[in-house]
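Take a look at the structure below.
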Number of protein chains: 2
Amino acid sequence: MSRMAAKDRREELIAAALRVMIREGVVKATTRAIVNEAKMPLGVFHYCFNSREELLQEVLTRFTDATVTAARKTFEGEGDLGSRITRSLGAFWGTVELSPGEHQVSYELTHYALRQAGFEDLARRQYQHYREVHQELLEEAAEAAGIEWAVPVPVLARYLNAVLDGITLSWLVDRDSEHSREVLRLTGDHLLTLARPRAA
Amino acid sequence: MSRMAAKDRREELIAAALRVMIREGVVKATTRAIVNEAKMPLGVFHYCFNSREELLQEVLTRFTDATVTAARKTFEGEGDLGSRITRSLGAFWGTVELSPGEHQVSYELTHYALRQAGFEDLARRQYQHYREVHQELLEEAAEAAGIEWAVPVPVLARYLNAVLDGITLSWLVDRDSEHSREVLRLTGDHLLTLARPRAA
DNA sequence: CGCGGATTTGGTCAACCGTCCAAGACGCTG
DNA sequence: CAGCGTCTTGGACGGTTGACCAAATCCGCG
């Protein structure tokens, strides 16, 4: 193997680990499978990471960050409230159907974290992070449209997060795109009914 | 060990497996852990089951059936549409907060099934089963209240299933009961707005 | 009683796991 | 060129896993 800084190898291993997880699931992402995916000898692993858990932590946090920034870009744009909601939800759904594996891994990592002592905080932060983004976007959309939400924004953010999570999970199981999109539209319509002219 | 029919032992092993899964997660439910939980020698396992997968199949199907029948009872009752919806959602939520472990296992089993070749159908059937129940109950509620739904019932059933799934998952992560209940109430209100006087 | 199928049991197997280590190879600096 | 920290590598360790087996034991029926 050509010489390479440990830092760089870490990055490649993290990327390789993610690829293995997407292809075969989190449980199958063993040190040997990861190292093999990265085309490195086994010994490299514990030279770059203290433990497999350390690698998984890194994967989870990077994954969350990437998802969040992707979501932010996804929800950008102009237009009135209705078309903006429709477009945002549609864009989100595009990412789901485009790369289902990553979303599936996201759930697996969450459940893995919930079972692993010392990892629960990571799962908690992950979901809190998502909700914060939803909240920002709801507030921004309300601001741009000159309305206010009839429901406290934190509640609305949690609702939105839950619905999108649920629809995604259902689709991962039965791949029924048609019905999923209808549910998405239903959710969009619901959001619209919760917008009312700004008071004061 | 006192003598016992293989059929009976199967049942005890299935029950023991479920207990282990709830306590330590699906991944940790090894043949030895299960057999240990049931206080039986290891050899019993492959005398009663051809493989660990066969045991897991049994656990998943029984779990699904039990959840479905429990859900049916949960949603029974009288009253006008509004109070009936509120009570049903509240009852469902009661089961979640009462036995979070079982719901957590449910998700873990679903993701396990999605990764295991030949198990995808099991996951599919699980979700289809849930949706059917939701659909029945929505139709029954509409019948009793003399209304019809403004949205195709299959879509509404999928929506309901998705929301409940999402709320549950969020709560499993951060245990925020207060906000979860508010989201639940929001969903109930939403359903009510989708009821309209029966046409023709 | 004696036979035969069902059940019980402990040990064993190969495979795989995360982790660790010693020995060497590299490449920069003085 | 000698020294030294960084990196590379193959092998090895103890532990766990799913699966399997042969021998021992039980129990009902003829």
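So that the names make sense, note that chain A is the first sequence line, chain B the second, and so on, each numbered from 1.
- A donor-acceptor pair shorter than 3.5 Å cannot be found between the side chains of B:Asp165 and B:Tyr130.
- Comment: A:Glu148 does not engage A:Arg198 in a salt bridge, judged by the lack of any side-chain N to carboxylate O separation of less than 4.0 angstrom.
- Under a 4.0 Å N-O distance rule, the pair A:Glu58/A:Arg62 qualifies as a salt bridge.
- Spacing between atom CE of B:Met4 and atom C1' of D:dC27 amounts to 16 Å, rounded to whole angstrom units.
- One distance of note links CG of A:Leu42 with CG of A:Asn36; it measures 10.0 Å at 0.5 Å rounding.
- For the pair B:Glu54 (side chain) and B:Asn50 (backbone), a donor-acceptor distance under 3.5 Å is present.
- Residue A:Lys39 holds its NZ atom at 10.5 Å from CD of A:Glu12, rounded to the nearest 0.5 Å.
- D:dA23 atom P lies 18 Å from atom OH of B:Tyr47, rounded to whole Å.
- Remark: B:Glu120 engages no residue in a side chain to side chain donor-acceptor pair (under 3.5 Å) (not counting sequence neighbours).
- Pairs of residues two or more places apart, or lying in two chains, that qualify as ring-ring contact (aromatic ring centres under 6.0 Å, His included) and include a residue from residues 149-199 of chain A are A:Trp93-A:Trp171, A:Tyr159-A:His190, A:His190-B:His190.
- Applying the side chain to side chain contact (heavy atoms under 4.5 Å, CB included) rule to B:Asp80 yields the partners B:Ser83; only residues at least two apart in sequence or on another chain are considered.
- Rounded to whole angstrom, the span from the CZ atom of A:Arg9 across to the P atom of D:dT6 amounts to 16 Å.
- No engagement by A:Met40 is indicated, since no non-hydrogen atom pair under 4.0 Å with the nucleic acid exists.
- Residues of residues 108-120 of chain B that place a heavy atom closer than 4.0 Å to DNA chain D do not occur.
- Atom-to-atom, CD of A:Glu54 to P of C:dT19 comes out at 10 Å; the value is rounded to the nearest Å.
- Between B:Asn36 atom CG and D:dT16 atom C1' there is a gap of 14 Å when expressed in whole angstrom units.
- Between B:Lys7 atom NZ and C:dT8 atom C1' the separation is 19 Å, expressed in whole Å.
- One interatomic measurement links the two molecules: CD of A:Glu24 to P of C:dC17, which rounds to 10 Å at whole-angstrom precision.
- Ion pair B:Arg175/B:Glu97 not flagged as a salt bridge, since none of the NZ, NE, NH1 or NH2 atoms sits closer than 4.0 Å to an Asp/Glu carboxylate oxygen.
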Using atom names, set out every protein N or O paired with an N or O of nucleotides 18-22 of chain D below 3.5 Å, distance rounded to 0.1 Å.
from: D:dG18; atom 1: OP1; to: B:Arg52; atom 2: NE; distance (Å): 3.0
from: D:dG18; atom 1: OP2; to: B:Thr31; atom 2: N; distance (Å): 2.9
from: D:dG18; atom 1: OP2; to: B:Thr31; atom 2: OG1; distance (Å): 2.7
from: D:dG18; atom 1: N7; to: B:Arg32; atom 2: NH1; distance (Å): 2.8
from: D:dG18; atom 1: O6; to: B:Arg32; atom 2: NH2; distance (Å): 2.9
from: D:dA19; atom 1: OP2; to: B:His46; atom 2: NE2; distance (Å): 3.0
from: D:dA19; atom 1: OP2; to: B:Arg52; atom 2: N; distance (Å): 2.8
from: D:dA19; atom 1: O5'; to: B:His46; atom 2: NE2; distance (Å): 3.3

Identify all pairs in which a protein N or O lies below 3.5 Å from an N or O of nucleotides 26-30 of chain C, and state each distance.
from: C:dC26; atom 1: O2; to: A:Arg3; atom 2: NH2; distance (Å): 3.1

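- A:Arg185 CZ: 12 or fewer foreign heavy atoms inside a 6.0 Å radius.
- Rounded to a whole Å, the CG atom of A:Leu55 is 14 Å from the C1' atom of C:dT19.
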